[in-house]
> 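Right, I'll just put the structure down here and ask away after.
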Amino acid sequence: MSPPRKPPSRRATPRPPGSLPRLAPRRGAAAAARARAAAIEAVDAARAAAAGAGVAEPTVECAPLPGCEPGSSLPMAARIERWYAARGWAPFDFQRALATAVAAGESGLLHATTGAGKTYAAWFAALARWAAAGAPSPSGTRRGPPAPPLTLLWLTPMRALAADTGRALQAPLAELGCDWRVGVRSGDTAASERAAQDRRLPTALVTTPESLSLLLSRAEAAQTLGAVAIVVVDEWHELLGNKRGVQVQLALARLRRWNPALVVWGLSATLGNLDHARAALLGPAHAAQGRLLRGEVPKQLQIDTLLPSAPARFPWAGHLGMQMLPQVVAEIDASATALVFVNTRSQAELWYQALLDARPDWAGLLALHHGSLDADSRAWVEAGLKAGTLKAVVCTSSLDLGVDFLPVERVLQIGSPKGVARLLQRAGRSGHAPGRPSRVTLVPTQSLELVEAAAARAAAEAGHVEARRSPEQPMDVLVQHLVTVALGGGFRPDALLAEVRGCHAYRALDEAAWQWALDFVGRGGAALVAYPDYRRVAPDEGGVWRVPDARLARRHRMGIGTIVSDAGISVRYWGGRGAAGGRLGTVEESFVARLRPGDCFLFAGRLLELVRVHEMTAWVRRASGARPAVPRWNGGRMPLSSELAAAVVAALDDAADGRFDAPELERARPLLELQARWSALPRRGALLAETLKTREGHHLFLYPFAGRAVHLGLASLFAWRLARTRPLSFSIAVNDYGLTLLCAEDPDWDAALGAGLFEAGDLLGDVLASLNAGELARRRFREIARVSGLVFTGYPGEARSTRQLQASAGLFYEVFRNHDPANLLLDQAEQEVLRQELELGRLEAALAAMRAARLLRAPLRRPSPFAFPLLVERMREKLSTEKLADRIRRMLDELERAADAPAVSRAAPSAAREG
DNA sequence: CCATCCTTGCCTTCGC
């Protein structure tokens, strides 16, 4: 528990609690330097005065870090204060509270807004604890025993962030005159540094969850990691909700077993469920005593929207948003540096090109950053951002994290932010320093996104942020961990079971599941007994389970981790000039398969011509002219979050009541009024059901606002239930707002809607049957097979194609289904499909809401503004891009003619005029 | 002229 509070004592710079930190005012370097010098002088003068009065140095107060008690031999506190003062910062209350807690040996979770200075706060808190524990003091004044090899572990989710953090932690050490060593270990760490670390680890190590697991897999793990006293898990919100977070839970349990007094702190951005985040980090035995510190500093946050200048010409559908190009150019022009976030990689390529076309003078100042670009070019972009030499970067989520401490002035978000947490995260990329305001500007790409923009701002201001939950008992991660621990010195099952149950994810692991896992690493379970490769772990004469086979040990180490990604086709320059052999990045096999040599495509911000494809590599050269193809990647499809969807419905509610206070709503007003006139506005407590008859057949449009994944589940469910009573066939389409069913025959929608379509019934059974869940589970099994070590992805440099990998994972799936149906990995695949892909819980809730809702029936004579994007979505699957464009133009022409009333001439459908 | 689907990490081993 906290040490007794000291009575308030003299302060050199009194400061009311909770007040903002003083920043060195930005009025020129000379003035700033003077301000810093003055601050340092003030601290030093206070120290000198205190020393003169015969007071021991640690009591010298310039808002000292708590825990640094008089006589505790901690000049550290004063040094840290001085370091802060030199930057014109004063510590926040949360930073003091953190230092107090850490000094007292407590664990917990620190929630702080991005850019609040949490990194330094946690670092200094750890230093204070460390010093209090008798580790070496600042240079020259060694006390106590020499430092143990490794005392502080700092985990980050990204290599780039690890490198940044390593530097950030080192700098204050040097300035504070400490001789403690900070090291970084990740896949980026050079071989020489790696070798040095193998001889002796630094006192503080910044690393990734995967690299930590690798350290745990070494025979001498207990010696090298056994003395770790403090662990800081940075960006815990990023790890919490996935298997990487579970891997961290397991690693922490291991470290705590070696050192029961282990102090663990998570650093997290805003989450809707911070209590759970703490529980998952600390585990069932420690969660209750764990602290939850809220570092809610008054960070100024501004969310605004670029309103389309000509709303009459703003489109009804689509997500590219190129109509906003001139305005985006103007915004970039007006700021020193900007990040332009888009939602997909191909959109990033297109926007980068469009911006360069609009402003050729920005060549060299504009950059592109997404996950399929070569690591070197991404590193170049990140360095350019840090150095402030870039005007703007068009990027995907790849710049959500990492590259900390950027001098970014503006953040633009093109298209839907999809979630409140994401929006806040991106806003935090600007003004990334304590006390500086953050600003994000939303750029809607179509009319309904105007509503979403108003909703996103309202939800962010109300603090409705999404929750993230730890996975429950993933057996693939446990299996991997068992082999890791068997390698890392071996284990005795009883002791390891207790340790594993100390993790939140495995708190309820029963004996049967545990025995299954042991059996699986021991002999591959019932189905694989005949294969020696799956006899990975065996007890020795002493009853300690180890990995006897060196070859299997090596394989395992190379497969550690829970991220599974497809091997893409590598794109490289062909022959000739200087750039020959240079790597540009990766594209998907399916994209390259459609190209022939000589075809052009746009990639990595360049126009390229395909020369040849050979062994998973597409060789290219620079090209000019020609209409290029643009690669598409089949990434994950993030659905609109429940929080944001609820905010959209609330905004529509406002509109239905005639309130158009938000400027975005006012701008969308003509469209919303048209929707109300032709159909009705969806609103809270009501379910809008539109029907339309076209040449194609009978359409039904429903708007549950539950995100695209749930809508896909609902649409399949409805189609399946309807076809059960009469042999009808439906085609379906979904987006984040709603879903549509189309039937060639008349299914009598009114009867269908009244006949228990939304009943829960045997929901699970119906959903599984309607979606061909077996096939989904089979696909899901690929990742599970990789993580559990069934599938070996090959040695580095030896590229195996996705198809091969899928085939062998599929083989295991079949073998288990036929010969080992009790295999828990099969259950896991099903559970992951239901929970993650279908969001079954959200689907149930949506269905219940639809049952309870008042039905708004709207027979349409022509597609409504809400129905139109769904209609387009459905056609997209069958038509080529050009044909689709023709169709959309024709449809909008028709709509414009239909809507020949005054309300419509100023309404969005006249976007048709562009056609 | 239309355009959609994100991100994250990672090895070894030996003999000279």
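All figures in this text were calculated on a predicted structure; none of them were measured in a lab. Sequence lines set the chain letters: A, B, ... in the order given, protein chains first and strands last, and positions in each chain run from 1.
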> Mapping A:R637 and A:I560 onto DNA chain B by nearest heavy atom, which one lands closer to the 5' end?
A:R637
> Has A:R345 got a side-chain N or O lying under 4.0 Å from the OP1 or OP2 atom of B:dC6?
yes
> Map A:G187 and A:L320 onto DNA chain B by nearest heavy atom, then report which one ends up closer to the 5' terminus.
A:L320
> Measuring to OP1 and OP2 of B:dT4, would you say a side-chain N or O of A:R632 lies under 4.0 angstrom away?
yes
> Just to confirm, is there a sub-4.0 Å distance from OP1 or OP2 of B:dC5 to any side-chain nitrogen or oxygen of A:S346?
yes
> Please classify the nucleic acid contact of A:L214 as base, sugar-phosphate, or nothing, using heavy-atom distances under 4.0 Å.
sugar-phosphate
> Side chain of A:T208 only, please: which of B:dT7, B:dG9, B:dC11 is the nearest?
B:dG9
> I need the CZ-P distance between A:R159 and B:dT8, as an integer number of Å.
9 Å
> So what does A:T562 touch, heavy atoms closer than 4.0 Å: a base, only the sugar-phosphate, or nothing?
nothing
> Ignoring the backbone of A:R194, work out which of B:dT13, B:dC11, B:dC5 is nearest its side chain.
B:dC11
> Quickly work out the A:H369 NE2 to B:dC6 C1' distance and round it to whole Å.
13 Å
> Rounded to the nearest angstrom, tell me the gap between atom CZ in A:R218 and atom C1' in B:dT13.
13 Å
> Closest to the A:H319 side chain: B:dT4, B:dC6, B:dT12?
B:dT4
> Rounded to the Å, how far apart are A:R244 CZ and B:dC10 P?
8 Å
> Whole-Å distance between B:dG9 C1' and A:R557 CZ?
17 Å
> With heavy atoms under 4.0 Å as the rule, sort A:G371 into base, sugar-phosphate or nothing.
sugar-phosphate
> Residues two or more places apart in sequence or in another chain: which of them pass ring pair (Phe, Tyr, Trp, His ring centres under 6.0 Å) with A:F705?
A:Y737
> Is a donor-acceptor contact shorter than 3.5 angstrom present between the side chain of A:T396 and the base of B:dC6?
no
> Below 4.0 angstrom, N of the basic side chain to O of the carboxylate: do A:R426 and A:D400 qualify?
yes
> Between B:dG9, B:dC11, B:dT7, which nucleotide has the shortest distance from any of its atoms to the side chain of A:E210?
B:dG9
> Would you kindly give the CD-to-C1' distance between A:E382 and B:dT7, to the nearest whole Å?
13 Å
> Return the value, rounded to whole Å, for the distance between atom CG of A:L325 and atom C1' of B:dC1.
14 Å
> For A:L595 versus A:A629, what's the shortest heavy-atom pair and its separation?
CD2-CB, 4.4 Å
> Between B:dC5, B:dC11, B:dC10, spot the one nearest the side chain of A:S186, thanks.
B:dC10
> Can you confirm whether the side chains of A:W154 and A:T207 place a donor and an acceptor under 3.5 Å from each other?
no
> Give one of base, sugar-phosphate or nothing for A:R185, where a contact means two heavy atoms less than 4.0 Å apart.
nothing
> What's the CG-P distance between A:L212 and B:dC11, to the nearest Å?
12 Å
> From the options B:dT7, B:dG9, B:dC11, select the nucleotide whose nearest atom is closest to the side chain of A:M158.
B:dG9
> Quick test of your reading of the model: are A:R185 and A:E193 salt-bridged, counting only N-O distances below 4.0 Å?
no
> Return the set of residues passing side-chain contact (heavy atoms from CB on, under 4.5 Å) with A:E839 (not counting sequence neighbours), or none when no residue passes.
A:P639, A:A709, A:V710, A:R842
> Taking only Lys NZ, Arg NE, NH1 and NH2, and the carboxylate oxygens of Asp or Glu, determine whether A:D188 and A:R159 approach each other closer than 4.0 Å.
yes
> If anything within 90° of 0 is syn and all else is anti, what is B:dC11?
syn
> Can you check whether A:R708 has a side-chain N or O nearer than 4.0 Å to OP1 or OP2 of B:dT4?
no
> Using a 4.0 Å heavy-atom cut-off, does A:R378 contact any base of the nucleic acid, only the sugar-phosphate backbone, or nothing at all?
sugar-phosphate
> Among B:dA3, B:dC10, B:dT7, which nucleotide has an atom closest to any side-chain atom of A:S211?
B:dC10
